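Down below is the structure, laid out as structure tokens.
Basis for what follows: all heavy atoms, side chains included, without hydrogens, waters or symmetry-related copies. Order of the sequence lines sets the chain letters (A, B, ...), proteins ahead of strands, with each chain counted from 1. None of the values given here were measured: they were computed from a predicted structure.
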Amino acid sequence: MILTNVGSVPGKKIVEHFGIVQGSTVRAKHIGRDLMAGLKNLVGGELKGYTELLQESRQEAVDRMSEQARQFGANAVVNIRFATSSVAQGAAELFAYGTAVRVE
Amino acid sequence: MFDVILQNFDLFLFFCLAVLGYTCGTIAEKRHYKSIIRREKELLKLMVVNAEGHFAEGVVKQSFLVNGSAVISNDYFKRMLAILRNIFGGRVKAYESLIDRSRREAILRMKQEARAKGAHMIVNLRLETSTIGRAANQKNQVGSIEALAYGTAVVMNRK
Amino acid sequence: MKFTPKYIDQNVNVSKTHPLVEMAWLIGGLLVLVVVLYLILGFTAELAVTKIPIRAELQLGEYFADNFDSVDNPALQQRLQQLLETLPTESPLHQYDFIVQLVESDEINALALPGGHIVVFSGLLEQVASENELALVLAHELGHFAHRDHLRRLGRGLGLTLGAMLLFGEDSSAGRLATNLLLVSESRYSRQQESDADRWGLELLVACYGHAGGATDFFRRAARDAGSHIPYLMASHPHPDDRVRELQALIAAKGYPVAITESLREDLLTVGSEE
């Protein structure tokens, strides 16, 4: 699966469109991580736990989107956009969408 | 028996609301999905992409902005589920269908608007999500999210 | 470039797990978490309580006693003195300066506060019919001191609030849920303490009067008003019926004689009727 965030796959020609595909996931951090983040907030610095969590979730959102594209019979997703929203206190939604296409 | 209910009124209320939330929430979700699937199939022919379209001169008759949005709330049972999930972390499954429904509904409404105005395709689609009520899983707050879909509808010149 | 409309029935964005199954897992997990917290709390509180010297406790007591609008009562003080005199001389309780105070309130209750203050509500005094019953109530409170329950409860309460705050954040609904569950387990713990204090009190009563007459009268009366057992599953005190049963079992096991009770003497009768 080729993933790009421009309107085409450079060097290839889009032969078929399948429409919008999207993948999303909502993740929460467990309270232990919340606690550590609270302590880390006192001294500043990177919250490794959270970075990891968001990275993992974003990957899952992309995987879900690719899965949907695969079901369409596409071999690429172009013009991918990411969005993050906090759906609930302590939980973040990671969302990815793009256009499923077949390229040659 | 009645005494027991009165003395543990909090617990009793909690239980009742959870049962009510679960049954009503499940029925509402099933019905909503049914309607979403039906309408999605109806509007399947209307092409939506999130790329900027490049059109040759004279092909496009008219283009305009279309949008659709939906605010969907979570039921009491699922809210409890999300609160519990917050302790352990991981995938908050209770919110997945909520978001999925509102986003698909928003796209559908946008498509319906485009169809009503005679559009042939929608280009440059963008999706946004926002929370209504800061903390959607707080017990006394309205737990709901808004999904917004917007894009440019294009009407072609048909020969 | 062509557009191929296709419909896919599968939905990759929603997990397949049934919500009820997830709920069961989460509740199970929460229970495990609560049990672990409860054990840690119990362990640390136990450790701390045995280490606190009585002198530090006396200072704490000053603070608590000020919170009650109470008056010294010589009649009650005399009853308590009588009980204290029957205590063996090596008892650690002799390090305290016990003060019994009366609080005007309809509540049927008595409290053991840190530092040797015993607070008796006038509502309780009205319910008491004999010297022996009163002696058991006071002996029960002394039992709390003997087990240092008043400190333990304070320590656990503090630990509970602190732990819940640290783990779940000050104001989150998850925290409130877990705290409520912890409180339920706390009440179980406190019921155990009450039963222990009952048993301790009974022995002192027998030592003082030479028989166990009147030991169960007070709870028997309370049991009539208490009603169903079910609310007591989560209460901080055991159901009066259970307390009566336990006391009776102990009386039978130890072979304590049961003699006729002494009716309440003049100086305390007036306290009750002032209301």
- Does NZ or CZ of B/Arg103 lie under 6.0 Å from the centre of the six-membered ring of A/Phe95, at an angle within 45° of the ring axis? yes
What donor-acceptor contacts under 3.5 angstrom involve side-chain atoms of residues 12-24 of chain B, with partners at least two apart or in another chain?
unit_1  : atom_1 : unit_2  : atom_2 : d
B/Tyr22 : OH     : C/His18 : NE2    : 3.4
B/Thr23 : OG1    : B/Val19 : O      : 2.9
B/Thr23 : OG1    : B/Leu20 : O      : 3.1

- Against chain B, work out which of A/Gly7, A/Ala100, A/Gly98 has the most heavy-atom pairs shorter than 4.5 Å and name it. A/Gly98
- Note on the structure: Scored by heavy-atom pairs under 4.5 Å with chain B, the best of A/Ile80, A/Thr25, A/Val6, A/Asn79 is A/Asn79
- Message: Quick check on the interface: out of B/Ile107, B/Ile99, B/Ile122, who has the most heavy-atom pairs with chain A under 4.5 Å?
- Response: B/Ile99
- Query: What's the verdict on side-chain contact (heavy atoms from CB on, under 4.5 Å) for B/Thr129 and A/Glu93, showing C-alpha distance, side-chain angles and the deciding distance?
  - Reply: CA-CA 9 Å; B/Thr129 322; A/Glu93 192 222 0; 3.9 Å; yes
- A/His17 and B/Val49: side-chain contact (heavy atoms from CB on, under 4.5 Å), yes or no, with the steps? CA-CA 8 Å; A/His17 273 277; B/Val49 294; 3.5 Å; yes
- Query: From B/Leu127 CG over to A/Gln22 CD, what is the distance, rounded to the nearest 0.5 angstrom?
  - Reply: 6.0 Å
- Distance, nearest 0.5 Å, that separates CZ of A/Arg81 from CZ of B/Arg126: 4.5 Å
- Item | Contacts of residues 56-68 of chain A with chain B (heavy atom under 4.5 Å) | A/Glu60, A/Arg64
- Message: Less than 4.5 Å to any heavy atom of chain B: does that hold for the side chain of A/Phe18, its backbone, both, or neither?
- Response: neither
- Task: Please answer whether the main-chain N or O of B/Asn50 pairs with a side-chain N or O of A/Thr99 as donor and acceptor at a distance below 3.5 Å.
- Result: yes
